[in-house]
Number of protein chains: 2
Amino acid sequence: MTKKATAYAFLERPEHMPRGSLSSHVTSQLREAIVSLRLKPGTMLDKSEICERLGVSRSPVADALARLQSEGLIDILPQRGSVVSLVSLAAVKEYIFIRTALECETVRKLAVERPGGLVEALEANIARQRDLATEDDKQGFHNVDLQFHEILLNAAGYRRMKAMVDTARNNLDRARHLSNRIRETALALEEHSAIVDAIVKGDPEEASDAMRRHLDSMVESVFEVARQSPTLFSDGELAQA
Amino acid sequence: MTKKATAYAFLERPEHMPRGSLSSHVTSQLREAIVSLRLKPGTMLDKSEICERLGVSRSPVADALARLQSEGLIDILPQRGSVVSLVSLAAVKEYIFIRTALECETVRKLAVERPGGLVEALEANIARQRDLATEDDKQGFHNVDLQFHEILLNAAGYRRMKAMVDTARNNLDRARHLSNRIRETALALEEHSAIVDAIVKGDPEEASDAMRRHLDSMVESVFEVARQSPTLFSDGELAQA
DNA sequence: CACTGCCAACTGGCATGTTATAATGCCCAA
DNA sequence: TTGGGCATTATAACATGCCAGTTGGCAGTG
């Protein structure tokens, strides 16, 4: 028999977690693994294996799985097991819908209120995007891209709304990793700039439209990949529509 | 000693729940109690009491509390206790923001796609609203009002998005019960009609705007109550702004 | 009287034991 | 060969035991 101890090797065993944070730790470990596709869609999760690897009991693991289920990252089949949820184009459409709704409304609000320091933070972020785009540093650009949306969501000051966007983004990140495709940085930079410009101008409609265009082009990009490789998604044939 | 067994008398003890639905049952019992204010904001939840009343162990109850926390209905204070979350105007604003974002985007989508049977269902619903409004049946109108939004969300076909709107609505319902105020039915009917008209016309912008006006008037109504009775909300003084 | 430090009680987090149920493979009969 | 029950097995759901952190009261001290 091959030793299967390596199956969950990427999970970090906690040393002495303060009481009360064990569940959260397990959750984020598993979430990270699922979003980054180290745990592939459709794989069965062996709970006792995970317990052993992490040196914790079943409680925090069961807790983590329940949370991840509510985040849409795993499916719990009663009395049968827990499985990493499949990535479907239907889910991609829904999560982009959610992001569009929430983020458009966010920039609309920000364009009206323009809280202090926001424009400065956005412009500094755009400047860094420009640098990384010219250097063609895709990974670096992606990180600053994340920060861009982060700045907007934080400025709105709505904690729960931000959490909703985050779960949507985690699910979409799986699709991004699946397609192993980083969008054209120059294009994203342009779209980001349009959003900032509209906020600077204080035009909520235009800000919302710019954000919508930005997210629309993301869904377009995913569907393009799906047309080329339909098998990546559990409902890949849907891409022909 | 006064027998405190009546404390959670409104919780229905399940007879023989099928395995796998106990947690959900406890969750919905508690959710219903919290949303309807039978469990008042700020009250401490006695877990063992609840277990005894429902005749279940701590597991499903702990499970339920965790879910309700993620829905924003209770706060879990580590090692201290679980408390029904306070209703704040800040929370009302955030949840209305979330509903506005998601429901505006929903009607925008529906105005474009106009799925079969939708318009008929909406017009039938509006007709019932009209009847109940003329009869001045506030409670009946409210139920049909709920169904109106339900029809729209179901038509969009986005299960998770609907769940997000539902948690927002639950939280807002607490504010509604707190203020013990049913909005003017004639006004709501008008707003609903405007939404349907825009969908019939196939005008996404107008549909979105109509939905926004509808939800805006709701927040206005809550803040008006807050100005009259600031103590109803944990941050009632905020209403003066 | 105020203030500090200790102790007991209560809580939720974690560990572990127990049970019902869905799936699987096997056997045997048709 | 096939198809339908039956035992086996693995899993999540549930029950329960235990532990550590927090708190509030009380005693003792200034």
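Naming: A, B, ... by sequence-line order, numbering from 1 per chain.
- Along DNA chain C, the nucleotide nearest to A:S59 and the one nearest to B:L45 differ in position, and the one closer to the 5' end is contacted by B:L45.
- Mapping A:G81 and B:S23 onto DNA chain D by nearest heavy atom places A:G81 at the nucleotide closer to the 5' end.
- Using a 4.0 Å cut-off, no side-chain N or O of A:R19 falls inside it from OP1 or OP2 of D:dA20.
- Each of A:S82 and B:P78 was assigned the nucleotide of DNA chain D with the nearest heavy atom; the assignment lying further toward the 5' end belongs to A:S82.
- With respect to A:E105 and A:R108, a salt bridge is recorded, a charged nitrogen being found less than 4.0 Å from a carboxylate O.
- In this structure, B:R183 does not pair ionically with B:E220, as no charged nitrogen and carboxylate oxygen lie closer than 4.0 Å.
- Regarding A:E52, its CD atom lies at a distance of 14 Å from the P atom of C:dA15, rounded to whole Å.
- Of the side-chain N and O atoms in B:R80, one or more sit less than 4.0 angstrom from OP1 or OP2 of D:dT23.
- Rounded to an integer number of Å, the gap from CE of B:M44 to C1' of C:dC10 is 10 Å.
- At whole-Å resolution of the value, CG in B:L22 and C1' in D:dC14 are 8 Å apart.
- With the nearest nucleotide of DNA chain C identified for both B:Q79 and A:P60, B:Q79 has the one nearer the 5' end.
- The separation between B:I76 atom CD1 and D:dG21 atom P is 19 Å, rounded to whole Å.
- More than 12 heavy atoms of other residues, nucleotides or ligands lie within 6.0 Å of CD in A:Q228, so this atom counts as buried by the packing criterion.
- As a whole-Å value, the separation of A:R58 CZ from C:dT18 P is 11 Å.
- In this structure, A:L54 atom CG and C:dA15 atom P are separated by 11 Å, rounded to whole Å.
- B:S24 comes within 4.0 angstrom of no nucleic acid atom, judged by non-hydrogen atoms across all strands.
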Report the C-alpha distance between B:R160 and A:T167 in whole Å, list the side-chain angles of each, state the deciding distance to 0.1 Å, and finish with yes or no for side chain to side chain donor-acceptor pair (under 3.5 Å).
CA-CA 11 Å; B:R160 297 170 196 284; A:T167 76; over 6 Å; no
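- One interatomic measurement links the two molecules: CG of B:L65 to C1' of C:dT11, which rounds to 12 Å at whole-angstrom precision.
- For the pair A:L77 CG and D:dA13 C1', the interatomic distance rounds to 14 Å; values are reported in whole Å.
- Under the 6.0 Å distance and 45° angle rule, A:R38 counts as a cation-pi partner of A:F10.
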